[in-house]
Amino acid sequence: MVLEVFSNLEVKVQESVDYISSLKLKINDLELKNKNLKKKLKNVYSLKERIEKKNLLIQEERIKWKNKIRSLLEKINHLE
């Protein structure tokens, strides 16, 4: 009877050890995925910042061209 209890206990302990090992592997995998996602997120934020800066430059350029065209149209209208 005692041997059977010890045998069952040994099986339970081994199952627990295996389960803990499996969880450690999952944790390591998730930590690696998290690290990679953080890198990707950092890259996305960097790209977003560059796009926003470029967008501002394009808007400024558009305003300059708009003003140039307006000025040219006014000159044309004064010629008539």
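Bear in mind that the values here come from a model prediction, so they are computed numbers and not experimental data. Counting begins at 1 with the first residue of the sequence.
The side chain to side chain donor-acceptor pair (under 3.5 Å) test applied to Glu74 returns no partner, not counting sequence neighbours. With sequence neighbours excluded, the residues that form a side chain to side chain donor-acceptor pair (under 3.5 Å) with Lys48 are Glu52. With sequence neighbours left out, Glu10 forms a side chain to side chain donor-acceptor pair (under 3.5 Å) with no residue at all.
Salt bridge Glu49/Lys53: present, at least one basic N to carboxylate O contact under 4.0 Å.
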Would you please test Leu47 and Asn43 for side-chain contact (heavy atoms from CB on, under 4.5 Å) and show each step? CA-CA 6 Å; Leu47 180 61; Asn43 289 338; over 6 Å; no

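Contact of the Asn34 side chain with the Lys38 side chain is registered, since non-hydrogen atoms from C-beta on lie closer than 4.5 Å. The shortest side-chain heavy-atom distance between Leu37 and Leu41 does not fall under the 4.5 Å cut-off.
Distance alone, capped at 3.5 Å, is enough to place a donor-acceptor pair between the Ser21 side chain and the Val17 backbone. Side chain of Ser22 to main chain of Asp18: no donor-acceptor pair is present (N/O by atom type, distance under 3.5 Å, no hydrogens or angles). With hydrogens and angles ignored, the 3.5 Å screen pairs a side-chain donor or acceptor of Asn77 with a backbone N or O of Leu73.
In this structure, CD1 in Ile51 is found 12.5 Å from CG in Leu56, a value given to the nearest 0.5 Å. The line from CD1 of Ile63 to NZ of Lys68 is 13.5 Å long, rounded to the nearest 0.5 Å. Here the CG atom belonging to Asn67 is positioned 11.0 Å from the CG atom belonging to Leu72, to the nearest 0.5 angstrom. One distance of note links NZ of Lys35 with CD of Glu31; it measures 10.5 Å at 0.5 Å rounding. Atom-to-atom distance recorded for Ile27:CD1 and Ile20:CD1 is 10.0 Å, nearest 0.5 angstrom.
The neighbour count for Glu4 CD, taken as heavy atoms of other residues, nucleotides or ligands under 6.0 Å away, does not exceed 12.
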